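The figures here come from the full heavy-atom set of this structure, side chains too, leaving out hydrogens, waters and symmetry mates. Chain naming here is simple, since letters A, B, ... match the order of the sequence lines and numbering starts at 1 in each. Here the structure is a predicted model, which means the values were calculated and not measured.
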Amino acid sequence: MEPLFSIRGLRYLDILAYPDLDIQQGQTTFLQGESGAGKSTLLKLLNATLNPSAGQVFYLGQDILTLDTLALRREAILVAQDAWLFPGSIRDNFTHYRAYRGEGPLDDRLLRDSLHTCALDLPLETDSKVLSGGERQRVFLAICLAFSPRALLMDEPTSALDEATAHTLFTRLTSCARERGISLVAVSHDKALASHFAQRVITITGRVSA
Amino acid sequence: MNSSIVQLQLWQFGLVYLLLVVVALVMKKSQVNLLRQLMVSSLRMSVQLVLAGLVLTYLFEHPHWALVLGYLGLIIGFSIFRVLRQNKGLNRRFQAVIAASILFSGVAVLAFFILAVVGESLLNPQYVIPIAGMLLGNTMTGVGLGIRSFRGSLVEQRGRLTALINIGASPRDILLPFVRQALETALLPTLNSMMGMGIVSLPGMMTGQILSGTLPMTAILYQIAIMIAICTVVCLASFGALYFGFQTLWNKRSQITLAQEGA
């Protein structure tokens with residue numbers, strides 16, 4: 001089976017140089033490394049929101065330069081650390097984000113399932129204004145999960161969560177991902193979480209070049 | 001009605017500058033640090049208008065087509081320059097779109113107004129210059145406001161852009177709501193001034209005509225015509241600048257770049 005992503009000779013702005021690596025399909029992969037090692041930048045290079053200054057990124061064996069970028073981003077969604085939500089309810093947010101991808105609203109049951117998987121059991125009418133940082137992050141994650149992507153590239157998904165909630169989130173998320181064949185890639189500093197849930201841990205050493 | 005005009009003597013005219021002293025005192029009292037700007041703006045406005053008066057006097061006495069076109073070019077060029085200067089950091093294609101929008105909308109509406117509505121020659125400086133000035137002045141304000149509002153809201157809502165890009169939304173769909181909102185911002189001042197016109201304010205052009213002895217009804221017909229022309233040119237130029245300009249903000253890889261490379 002082709003790897004989900006492979007990178008070869010990848011460099012960014014001559015600041016970061018990544019070792020060649022493969023991220024496998026259908027697995028939960030944790031990316032770890034020191035601050036400034038280039039973990040978040042790597043996620044952006046993988047979903048083509050940033051351009052490398054050298055090297056190649058392959059998605060399922062194909063150079064991403066030859067792929068339809070929007071289709072790539074729809075299959076491998078990047079869930080950034082700072083979640084942005086539209087004014088309005090949680091349900092409105094599902095509707096707005098889906099409309100931007102030309103997809104209709106989902107049944108409330110599916111929305112609740114998605115939120116539950118993301119360890120958030122709030123009423124769909126809850127106004128996004130009253131949500132905490134961690135809740136906003138999980139609402140956005142739930143929205144992305146409801147798109148049924150092939151992969152979720154998550155940047156510090158538990159940075160605003162307590163230990164127990166982070167554990168619940170990953171228990172449910174990995175179980176759902178296994179059932180639906182979704183690959184999970186998470187940037188996280190949480191070693192305990194990685195040791196418990198990761199099928200593979202990759203240490204990123206995007207060294208500063210001379 | 002007394003149609004004779006009171007010719008302002010220099011000392012009478014100078015009295016009006018006393019009002020600026022009042023403004024300066026208010027600024028000083030309320031610690032608003034705009035005194036220098038007030039002086040520079042007032043001086044610049046006075047010098048520019050006196051120069052314009054001298055040039056127009058010469059132009060009306062020697063109406064040559066090259067001079068009329070040159071003056072027209074100066075008005076259009078300056079309004080484009082002002083809009084671009086207020087909005088530094090735009091990419092070259094966006095700048096070209098703004099310039100083309102102002103140029104084409106301005107010339108098209110001006111030509112229609114002079115040729116069809118007034119029925120005069122496009123080279124008659126008495127009509128072309130003041131009407132072009134009014135049209136382009138308002139276009140400059142409207143387009144400048146629209147572009148500033150567009151860029152401001154993009155910067156303010158960068159998180160929204162990032163989230164939508166990350167889920168695979170198309171840059172066009174992501175940016176279009178910002179274009180619509182900025183277009184509304186560009187048009188609102190013109191529409192608002194039309195709402196209050198005749199009740200709250202008697203506009204400058206009409207006042208000028210009445211003061212110089214034109215019958216109020218004639219002045220009003222001119223004013224209505226010019227307001228509709230202003231509304232049209234602001235709408236066309238803002239639409240062109242924003243609608244065609246926003247399409248220069250993403251590349252083949254669907255990445256949105258708000259600022260010029262290296263800016």
> Of all heavy-atom pairs between R253(B) and L50(A), which one has the smallest distance, and what is that distance?
Replying inline: NH1-O, 4.3 Å
> What is the minimum heavy-atom distance between L70(A) and P171(B), and which atoms define it?
Replying inline: CD2-CD, 4.3 Å
Considering residues, nucleotides and ligands other than [X], do more than 12 of their heavy atoms fall under 6.0 Å from its [atom1]?
X	atom1	value
F86(A)	CZ	yes
D121(A)	CG	yes
Q86(B)	CD	yes
E103(A)	CD	yes
R158(B)	CZ	no

>> side chain to side chain contact (heavy atoms under 4.5 Å, CB included) for R101(A) and D173(B)? Distances and angles first, verdict last.
In response: CA-CA 9 Å; R101(A) 292 213 346 188; D173(B) 292 342; over 6 Å; no
Could you have a look at [options] and say which one has the most heavy-atom pairs with chain B under 4.5 angstrom?
options	result
L65(A), D82(A), V79(A), L72(A)	L65(A)
L153(A), L67(A), N51(A)	N51(A)
T49(A), I143(A), I77(A)	T49(A)

> Under a 4.5 Å heavy-atom cut-off, does chain B meet the side chain of Y97(A), its backbone, both or neither?
Replying inline: both
> Checking D68(A) against chain B: side chain, backbone, both or neither under 4.5 Å from a heavy atom?
Replying inline: neither
>> Test side-chain hydrogen bond (donor to acceptor under 3.5 Å, both in side chains) on R73(A) and N166(B); report intermediate values, then the result.
In response: CA-CA 6 Å; R73(A) 288 182 196 148; N166(B) 285 343; over 6 Å; no
> Checking side chain to side chain contact (heavy atoms under 4.5 Å, CB included) for the pair R74(A)/I167(B): CA distance, chi angles, key distance, verdict?
Replying inline: CA-CA 6 Å; R74(A) 286 168 183 230; I167(B) 64 159; over 6 Å; no
> Going from OG1 on T162(B) to CH2 on W84(A), what distance comes out if it is rounded to the nearest 0.5 angstrom?
Replying inline: 11.0 Å
> Looking at NE2 of H96(A) and CG of L164(B), how far apart are the two atoms once the value is rounded to the nearest 0.5 Å?
Replying inline: 11.0 Å
